[in-house]
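Report on the following structure.
Labels below follow one simple rule: chain letters A, B, ... track the order of the sequence lines, proteins then strands, and each chain is numbered from 1. Fair warning: this is a prediction, and the values are worked out from it, not measured in the lab. Hydrogens, waters and symmetry mates play no part in the numbers below; they use all other heavy atoms, side chains included.
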Amino acid sequence: MAKEGAAEQPTSSRQPPSSTAAADGGPLYGQAEKDYHHLFNFTNNKAGMDKVDREKANQTIYEMSKNSSYFKNEQRKDDNRKEDIDRMKAHLEAYRNSQPEMRLKAEQSVRGVLQRLEKERESKRGSWWCHVDMDMFYCAVEIRDDPSLKDKPVAVGGPGMICTANYVARRYGVRAAMPGFIGKKLCADQGAELVFVGGNMQKYQAESMTVRRVLSEFDPHLKMGSLDEAFLNLTDYLKENDLDSHEGRVKVATEIREKITEATRGLTASAGIAPGRMMAKIASDFNKPNGQTIIEERDAAGFMDSLSVRKIPGVGKVGEHKLEALNIKTCRDILDNAVLITQACSDKSTQFLLRAAMGIDGEGRASERKSFSCERTFRATQDRKFLEEKLRDIAESLAEDLKSHFMRSRHITLKVKTADFKVKQLAMPLSRSTDEADDIDAGAQRAFSKYIDTHGDDTKAPPAIRLLGIKCANLTHVFGGTGPDGEEREAPKGTIDYFLQQQQKQKGGKGKASEVGDISIEIEDDEQMDQIDQMGDNADAPAGDDHPGNQLLLPDIIDLEEWEEDVDVNHPQPQPPSCSSSPCQPAPSSASLQPSLPLPLPQKRQLPQSSAAAQPKQPAPKRGKKGGKRNQDAATVCVSGPMDALLKRMADRKAAGGGGGGSSAAGGGGVDGECIELD
DNA sequence: GCGGATCAC
DNA sequence: AATGGTGATCCGC
């Protein structure tokens with residue numbers, strides 16, 4: 001209620017130059033910030049900086065960004081979202097004015113859905129998940145190995161992009177995913193100098209393996225999300241070790257973190273234990289860094305209720321703003337306004353949001369990889385020859401990638417980003433599956449020609465381009481043939497590819513040996529999929545895969561359950577927020593947090609809160625106090641570092657050297673608009 | 001099926 | 001010296 005007016009703001013969106021005439025006469029900062037700073041991904045809304053510093057940082061960021069093409073594009077996108085919102089609001093208005101019987105029906109339907117979900121939650125009791133998240137992982141490794149960095153603001157990355165920043169830097173407003181030159185300025189303005197450290201993927205991978213080794217003791221089927229985080233199903237471990245109690249969980253979380261710190265010679269981790277994957281993940285972020293949070297079943301609902309919707313993995317900046325336009329800020333709000341959401345969101349989104357708000361995990365099967373992609377940013381140019389060569393390089397890189405994974409692709413998509421940051425994609429089906437650079441290149445070049453043709457007539461030059469990329473999809477496994485150098489294609493032991501290869505050999509063994517040139521397999525049946533799932537834990541298959549983050553070969557032990565429905569969001573309306581305000585989360589009911597280890601965190605206190613259900617007397621183990629709200633004041637800023645790509649690229653370059661090899665593109669013979677023919 | 005968007009890391 | 005790269009999913013055409 002209320003709030004409605006906010007969306008009415010004129011925003012002057014439509015005319016690009018006039019509103020952005022900000023160049024000189026444009027809006028002054030004070031006003032501008034109100035309108036725009038929500039556009040940044042990294043407005044710090046967490047603790048760590050006091051308000052003054054925060055405003056100062058935001059001003060600096062705004063000043064450095066306001067005239068950039070990047071920022072102007074962000075404004076454009078934001079304006080589009082506002083239009084979406086207006087449409088949505090109109091839709092909702094129509095609903096409000098609809099026949100009472102209709103609304104009654106909708107309400108009953110929602111009630112039914114909520115009841116079903118409640119039942120589902122009930123049925124899933126008793127399973128315990130842990131999420132472990134390394135604190136500022138890359139940065140922590142670098143600082144450990146060079147203690148002189150300890151008290152300086154440090155960022156892993158470069159002037160172009162920051163992957164991870166330490167907590168000293170965060171105090172100046174430096175964030176992961178922030179361009180390095182802005183971070184540098186933020187520090188400089190406050191008399192400090194940001195130290196950049198180039199990353200070393202190999203090292204991080206090694207550390208990650210160390211962490212994994214420690215964790216596998218608690219759950220041999222653990223799933224590494226990325227180098228710096230992992231999900232564990234602790235249900236069995238807790239039972240088998242007689243630790244299935246609050247105290248037990250506290251103990252396990254503490255032990256996990258201590259063992260990690262010991263094994264990594266000083267790196268710290270944060271952990272969350274909860275009756276679900278999603279809640280565990282949220283919990284691990286709750287007391288970062290070097291902290292832990294345990295959520296008991298009886299506290300789960302209360303914990304979720306007070307949580308900001310932004311904490312739900314899958315609700316990002318845009319989703320948050322859309323929900324905010326509906327006046328929905330917390331998970332409790334989601335449930336209270338379930339009918340509204342039903343009307344405003346797609347079925348998928350509605351399901352997702354309601355489930356998430358109740359703390360119910362989505363069904364997540366780690367599916368087979370569906371695409372390979374490669375994209376490069378460079379200085380914007382119209383030089384066609386340069387661009388075509390870039391495309392060739394990318395095609396070669398992808399071909400290598402495909403080959404090393406024993407995959408072929410039958411469909412490519414060209415991606416083009418112009419100097420004004422607008423992105424276009426062009427699909428190009430191929431006539432057959434391929435892993436040859438020539439083929440990929442031919443398809444991409446054809447798509448590129450098409451792009452040029454449609455974006456510049458004879459009189460007007462095509463726009464300058466700052467990024468080119470290719471995505472290969474429609475994948476099939478390939479075994480048995482010969483590789484690029486004529487050697488037999490054999491998948492590395494321990495990989496899914498290896499598994500399938502063995503299977504294929506067995507099958508082939510009964511009749512015709514594996515003499516068949518190329519065999520393509522598509523995995524479709526569930527049984528096979530399950531087998532693949534189960535092999536992930538092969539401890540012997542660390543395999544230094546050249547690919548850092550991915551290669552999901554780790555299974556996911558999920559309780560059965562049929563409900564499909566996956567993860568994803570998509571809601572209706574945003575609003576021109578002036579966000580920033582939310583001082584982190586209130587910690588609801590009795591989520592007990594257990595410090596342990598050095599832990600510089602101040603003890604958090606909680607006031608009794610009207611936590612709905614009577615508070616069963618909870619064993620107050622050591623210190624953890626439960627009760628109600630917690631204020632997160634502390635100087636600690638949470639933000640887990642988004643993993644990078646910059647580093648990946650560095651590593652790739654180092655490892656691969658370079659793809660060279662010119663050779664001309666074998667022509668896309670048959671033309672015919674739709675599918676490019678390959679010989 | 002395509003192209004645009006959003007999200008996580 | 002000018003805001004990254006990879007993979008996935010969803011939605012509206």
Self-check item: Given B:dG4, C:dA8, C:dG4, the nucleotide with the shortest approach to the side chain of A:K424
Solution: B:dG4
Quiz item: Is any side-chain N or O of A:R87 closer than 4.0 Å to OP1 or OP2 of C:dC11?
Solution: no
Exercise. Looking only at side-chain atoms of A:E229, point me to the closest of C:dG4, B:dC9, C:dT3.
Key: B:dC9
Quiz prompt | Separation of C:dC11 P from A:D347 CG (nearest whole Å) | solution = 8 Å
Quiz item: Considering only side-chain heavy atoms of A:S68, which listed nucleotide, C:dC11, C:dT3, B:dC9, is closest?
Solution: C:dT3
Quiz item: Within less than 4.0 Å of OP1 or OP2 of C:dG5, is there a side-chain N or O belonging to A:T377?
Solution: yes
Practice problem: Answer with yes or no whether the side chains of A:Y451 and A:Q425 bring together a donor and an acceptor at under 3.5 Å. | Solution: no
Exercise. Using a heavy-atom cut-off of under 4.0 Å over every strand shown, decide if A:S371 touches base, sugar-phosphate, or nothing.
Key: sugar-phosphate
Practice problem: Check whether any side-chain N or O of A:K281 sits under 4.0 Å from OP1 or OP2 of B:dC9, and answer yes or no. | Solution: yes
Practice problem: Pick base, sugar-phosphate or nothing for A:K471, based on heavy-atom distances below 4.0 Å to the nucleic acid. | Solution: nothing
Exercise. Report the residue (A:K77 or A:H411) whose heavy-atom-nearest nucleotide on DNA chain B is the more 5′ of the two.
Key: A:H411
Quiz prompt | Side chain of A:R81 - closest among C:dT3, B:dT6, C:dT9 | solution = B:dT6
Quiz prompt | Polar side chain donor-acceptor pair, A:S346 to A:S349, under 3.5 angstrom | solution = yes
Quiz item: Starting at NZ of A:K317 and ending at P of B:dT6, how long is that distance when rounded to a whole Å?
Solution: 8 Å
Quiz item: Do A:E368 and A:H477 meet the criterion of a side-chain donor-acceptor pair at a distance under 3.5 Å?
Solution: yes
Quiz item: Any chance the side chains of A:E229 and A:H131 put a donor and an acceptor closer than 3.5 Å?
Solution: yes
Practice problem: Tell whether A:E375 reaches the base of C:dG5 with its side chain through a donor-acceptor pair below 3.5 angstrom. | Solution: no
Exercise. Report yes or no: do A:D135 and A:T268 form a side-chain donor-acceptor pair below 3.5 Å?
Key: yes
Practice problem: Can you figure out which of C:dT3, B:dA5, B:dG3 approaches the side chain of A:A427 most closely? | Solution: B:dG3
Practice problem: Rounded off to whole Å, could you give me the CG-to-C1' distance for the A:D84 and B:dT6 pair? | Solution: 12 Å
Self-check item: Closest nucleotide among C:dT3, B:dC9, C:dC11 to the A:K348 side chain
Solution: C:dC11
Self-check item: Closest to the A:R310 side chain, choosing from C:dG4, B:dA8, C:dT9
Solution: B:dA8
Practice problem: Check the distance between C:dA8's P and A:F372's CZ and give it to me in whole angstrom. | Solution: 9 Å
Quiz item: If you check the A:V318 side chain, which of B:dT6, C:dG4, B:dC2 turns out closest?
Solution: B:dT6
Quiz item: So which nucleotide from C:dG4, C:dT3, B:dC9 ends up closest to the side chain of A:F181?
Solution: C:dT3
Exercise. Using ring-ring contact (aromatic ring centres under 6.0 Å, His included) as the criterion, list what pairs up with A:F378, not counting sequence neighbours.
Key: A:F386
Quiz item: How far, in whole Å, is B:dA8 from C:dT3 if one measures between their P atoms?
Solution: 23 Å
Quiz prompt | Nearest-Å distance for atom pair CZ/C1', residues A:R76 and B:dG4 | solution = 10 Å
Practice problem: Answer yes if the side chains of A:S409 and A:D435 hold a donor-acceptor pair under 3.5 Å, and no otherwise. | Solution: no
Quiz prompt | Presence of donor-acceptor pair under 3.5 Å, side chain of A:S65 and base of C:dT3 | solution = yes
Quiz item: For DNA chain C, whose closest nucleotide is more 5', that of A:G160 or that of A:K370?
Solution: A:G160
Quiz item: Within this structure, what is the NE2-to-P distance between A:H321 and B:dT6, rounded to whole angstrom?
Solution: 12 Å
Self-check item: Given DNA chain C, 5'-ward residue of the pair A:L398 and A:K417, judged by closest heavy atom
Solution: A:K417
Quiz prompt | Of the listed nucleotides B:dC9, C:dT3, B:dA5, the one nearest the side chain of A:F421 | solution = C:dT3
Quiz item: CZ of A:F378 versus P of C:dT3: gap in Å, rounded?
Solution: 13 Å
Quiz item: A:I412 has an atom CD1; how far is it from atom C1' of B:dG3, in whole Å?
Solution: 16 Å
